[in-house]
Number of protein chains: 4
Amino acid sequence: MDMLEKKLSQIKLLLLDVDGILTDCRVFMDSSGQWRRLFSIRDGYGIRMLIEAGYQVGFITASKAQDIEERAKVLEIHYFSHGSLDKLPAFEKILAEAGLKEQEVAYMGDDLFDLPVLKRVGFSATVSDAIDSVVRAVDYIATRPAGNGAVREVCDLILKYGALSKNVV
Amino acid sequence: MDMLEKKLSQIKLLLLDVDGILTDCRVFMDSSGQWRRLFSIRDGYGIRMLIEAGYQVGFITASKAQDIEERAKVLEIHYFSHGSLDKLPAFEKILAEAGLKEQEVAYMGDDLFDLPVLKRVGFSATVSDAIDSVVRAVDYIATRPAGNGAVREVCDLILKYGALSKNVV
Amino acid sequence: MDMLEKKLSQIKLLLLDVDGILTDCRVFMDSSGQWRRLFSIRDGYGIRMLIEAGYQVGFITASKAQDIEERAKVLEIHYFSHGSLDKLPAFEKILAEAGLKEQEVAYMGDDLFDLPVLKRVGFSATVSDAIDSVVRAVDYIATRPAGNGAVREVCDLILKYGALSKNVV
Amino acid sequence: MDMLEKKLSQIKLLLLDVDGILTDCRVFMDSSGQWRRLFSIRDGYGIRMLIEAGYQVGFITASKAQDIEERAKVLEIHYFSHGSLDKLPAFEKILAEAGLKEQEVAYMGDDLFDLPVLKRVGFSATVSDAIDSVVRAVDYIATRPAGNGAVREVCDLILKYGALSKNVV
């Protein structure tokens with residue numbers, strides 16, 4: 001945990017993949033033909049508490065689904081990139097916009113497309129049912145399930161050990 | 001259990017947080033843009049049996065979702081407060097309206113915002129996947145899952161040991 | 001199992017509670033205000049195979065939900081009673097209509113309201129997360145989950161040992 | 001695993017049952033009266049990666065549901081057969097159209113209706129909660145759940161050992 005605390009102590013921004021991280025990776029079609037997913041209220045409060053503590057939060061998703069965009073709006077996150085499986089350009093754009101170094105960013109992702117970003121950030125995390133090569137590549141594997149607690153768990157770690165929380169304690 | 005039975009023997013009113021207690025904490029957007037959740041029929045019968053045994057029931061939720069309001073109507077509960085993360089004012093208003101003391105109230109909640117109420121009531125309960133500090137603060141942790149049995153379990157405890165059940169046995 | 005086989009060997013009709021048996025006991029409101037639930041395709045095939053083997057099937061539900069009625073139609077079951085928590089009158093009406101004795105009927109239910117019927121039939125079954133007093137009262141507890149396999153499991157038992165299957169082997 | 005690798009080394013086409021394989025076997029009715037199911041994004045990426053590696057993919061489902069058809073379109077699979085519980089004719093038609101031998105095809109199914117195809121193909125797989133006789137009949141049982149990872153797991157096996165992957169390594 002000492003190594004993790006050290007990495008977390010630099011974090012100022014949390015970036016999140018959506019399907020499989022903020023959700024359990026499943027989607028269904030509604031009566032209007034839109035694909036929908038289940039989000040966690042508990043994860044949402046984690047994100048809101050991070051933001052209120054001065055941290056920044058962003059989503060980087062390959063999907064262009066309406067409910068993801070709406071969830072981002074409800075939570076009033078700072079960065080939102082959607083529609084591309086190649087996540088590095090979005091990552092670099094957000095980094096520049098935020099004026100932060102890679103070590104100051106935490107990222108959660110669950111699939112191969114997340115690996116390029118997971119390998120660059122200061123603190124990388126995933127869920128227990130992520131793709132094997134992702135599980136092997138990250139700093140931290142959440143004990144709570146994807147789509148219902150995993151994001152909250154990482155938010156709570158950042159709230160406890162992150163760069164903007166030091167003075168709070 | 002002796003301590004629990006003693007606490008339960010004073011209970012006349014059950015107040016419930018909604019997301020994470022009456023549901024598994026997840027929401028999805030439907031085709032009309034409303035956020036929806038899954039409720040348990042079995043929990044609903046627990047609430048109805050409590051009410052028919054003379055107990056009062058209320059929801060205190062931070063959400064303002066339509067399906068929560070509708071669920072409250074279907075179950076014909078006595079108190080309904082929604083739209084504020086600060087739950088103490090609603091708790092105190094209900095207490096005054098019901099003419100009850102704190103020891104006569106049971107409350108179930110799963111997140112930080114529920115702690116102020118959980119610490120005041122005569123019988124506090126939560127679910128096994130609640131936030132850690134809530135798990136540590138309560139009198140009772142339901143063995144059945146949030147959103148599908150946890151509320152029923154507490155209803156059954158109150159039906160068995162509560163203040164209005166004494167004469168029944 | 002010998003006792004179970006003997007009981008099953010008389011069964012000609014399977015009656016089913018819906019919420020908590022044919023579903024996991026959870027409901028959600030859709031965009032038109034209707035309460036919906038998740039049904040299992042695998043359970044559905046079990047029911048269809050029973051019917052094609054000459055057995056009769058019926059639902060007895062306290063709910064009046066549209067999706068339950070539609071599911072009953074899709075599966076082309078023989079008896080359908082909805083809208084009453086008192087299930088004995090429906091049970092007795094079906095019994096008379098079918099011209100069968102109680103020993104020739106199997107029933108699955110999960111809650112207190114099912115007990116009167118469960119205690120009368122020749123073969124009573126429930127799911128592992130049913131209310132405790134139901135679990136204690138039945139002949140058989142399905143190993144597969146409510147709403148996704150429990151009904152199929154009982155259908156397969158009847159198909160193997162039931163009164164109309166004897167000549168098949 | 002040696003036997004499995006040998007079988008997988010001939011595979012050029014993956015055929016999939018839908019309910020219980022690409023989903024957890026559950027359906028719900030939406031506000032327009034259509035029956036819907038939950039699909040996995042992670043399974044979807046497995047299918048897309050297979051296709052991009054030169055493999056062919058098809059669905060053979062007894063259902064005629066709109067969301068299944070739409071999912072097939074989104075994933076741009078090569079073969080799509082729906083509406084019949086007798087799956088052999090569809091299997092044989094696809095085989096002829098693809099110009100492939102049975103040993104070159106992998107099939108995943110979970111119920112009795114899948115057995116005729118499962119017994120014919122070069123590599124047969126199922127999910128852990130499939131019907132017992134299917135579990136006993138197949139070459140491989142996925143460790144990840146139906147509807148959320150089982151298909152991805154088989155896609156990854158084919159990507160690693162399949163006939164069109166040999167030159168890649």
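Computation of the quantities below employed the complete heavy-atom set of this structure, encompassing side-chain atoms and omitting hydrogens, waters and symmetry-equivalent molecules. Residue numbers start from 1 in every chain, and the chains themselves are labelled A, B, ... in the order their sequence lines are given, proteins ahead of strands.
Neither the backbone nor the side chain of D:A146 comes within contact range of chain C; no heavy atom of the residue lies under 4.5 Å from a heavy atom of that chain. C:R36 touches chain D through its side chain: at least one heavy atom from C-beta onward sits under 4.5 Å away, while N, CA, C and O do not. When heavy atoms are compared at a cutoff of 4.5 Å, C:R152 approaches chain D solely by way of its side chain, counted from C-beta outward.
Without hydrogens or angle criteria, D:H82 side chain to D:K64 main chain gives no donor-acceptor distance under 3.5 Å. Distance alone, capped at 3.5 Å, places no donor-acceptor pair between the D:S84 side chain and the D:K87 backbone.
Looking only at side-chain heavy atoms (C-beta outward), C:L8 and C:K160 stay at 4.5 Å or farther from each other. Using a 4.5 Å cut-off on side-chain heavy atoms (C-beta onward), D:V138 and D:Y107 make no contact.
In terms of non-hydrogen atom pairs under 4.5 Å with chain D, the most contact-rich of C:R37, C:R71, C:E153, C:R144 is C:R144. Top candidate by heavy-atom pairs under 4.5 Å with chain D, chosen from C:D156, C:N148, C:D67, is C:N148. Ranked by heavy-atom pairs shorter than 4.5 Å toward chain C, the options D:D129, D:D19, D:L38, D:L85 are led by D:D129.
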- Would you check, one step at a time, whether the test ring-ring contact (aromatic ring centres under 6.0 Å, His included) holds for D:F28 with C:F28? CA-CA 10 Å; D:F28 64 93; C:F28 65 92; 5.4 Å; yes
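With respect to the salt-bridge test (charged N to carboxylate O, under 4.0 angstrom), the residues C:R42 and D:D111 do not qualify.
Under the 3.5 Å distance criterion, with hydrogens and angles disregarded, a donor-acceptor pair is assigned to the side chains of C:Y55 and C:S165. Residues D:S124 and D:D139 have side chains that bring a donor and an acceptor to within less than 3.5 angstrom of each other. Side-chain atoms of D:D30 and D:S32 form a donor-acceptor pair, as typed in the model, at a separation below 3.5 Å.
Within residues 20-27 of chain C, the residues having any heavy atom closer than 4.5 Å to a heavy atom of chain D are C:D24, listed by residue number. Annotation: residues 88-104 of chain C contacts chain D through no residue [non-hydrogen atoms, separation under 4.5 Å].
Scanning both residues, D:V134 and D:G109, for their nearest heavy atoms gives CG1-O, 3.5 Å. For the pair C:G58 and C:L13, the tightest heavy-atom approach, listed with the atom from each and the gap, is N-CD1, 4.4 Å.
In summary, the aromatic rings of D:F113 and C:Y45 are positioned with their centroids under 6.0 Å apart.
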